[in-house]
S.K.: 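The structure is given below, and queries will be raised subsequently.
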Amino acid sequence: MLKTLFILGLAIAATPAAAQYYGTGSNPSDHYVGGYTRNNGTYVEPHYQTNPNATQMDNYGTSGNYNYHTGTTGRHPAGY
């Protein structure tokens, strides 16, 4: 019984909703951004980014979060 409760607790703690509030994972909602050219002539490659919300804690670029599209981990502190 104790083992079952422990596993259930781990499963709940690992949900994307929990990750958003505790800063332990990326936002599960994202969208594709096609490539484009900026006004200064710089080309921005196509990429995925997390959908906008009220926090930066779950963005792909925030430290500790994983971008499963590129296989990289964020480097920026929250609030960048």
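For this chain, numbers begin at 1 and follow the sequence in order.
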S.K.: Is the count of non-hydrogen atoms from other residues, nucleotides or ligands lying under 6.0 Å from N40 atom CG greater than 12?
M.R.: yes
S.K.: Might you point out which heavy atoms bring Y43 and G35 nearest each other, and give the distance in Å?
M.R.: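 Taking Y43 first and G35 second, the nearest heavy atoms are OH-CA, 3.5 Å.
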S.K.: Distance alone, cut at 3.5 Å: any donor-acceptor contact between the side chains of N53 and D58?
M.R.: yes
S.K.: With rounding to the nearest 0.5 Å, note down the distance linking CG in N65 to CZ in R75.
M.R.: 13.5 Å
S.K.: Checking side-chain hydrogen bond (donor to acceptor under 3.5 Å, both in side chains) for the pair D30/N51: CA distance, chi angles, key distance, verdict?
M.R.: CA-CA 5 Å; D30 60 17; N51 291 340; over 6 Å; no
S.K.: Give a yes or no answer on whether the side chain of H76 reaches the backbone of G74 with a donor-acceptor pair at less than 3.5 Å.
M.R.: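 It does not hold such a pair.
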S.K.: First locate atom OG of S63, then atom CE of M57, and finally report the distance between them rounded to the nearest 0.5 Å.
M.R.: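 Spacing of OG (S63) from CE (M57) equals 9.0 Å.
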S.K.: Yes or no on side chain to side chain contact (heavy atoms under 4.5 Å, CB included) for Y60 and Y68, after CA distance, side-chain angles and deciding distance?
M.R.: CA-CA 9 Å; Y60 289 140; Y68 60 92; 3.5 Å; yes
S.K.: Which atoms form the tightest heavy-atom contact between Q56 and A78, and what is the distance?
M.R.: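 What the structure gives for the nearest pair is OE1-C, 4.0 Å.
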S.K.: Hey, does Q49 have a side-chain heavy atom less than 4.5 Å from the side chain of V33?
M.R.: yes
S.K.: Do the side-chain N and O atoms of Y48 and N67 include a donor-acceptor pair separated by under 3.5 angstrom?
M.R.: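 Distance-only check fails for Y48 and N67.
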S.K.: Using modelled atom types and a 3.5 Å cut-off, is there a donor and acceptor pairing between side-chain atoms of T73 and backbone atoms of G64?
M.R.: no
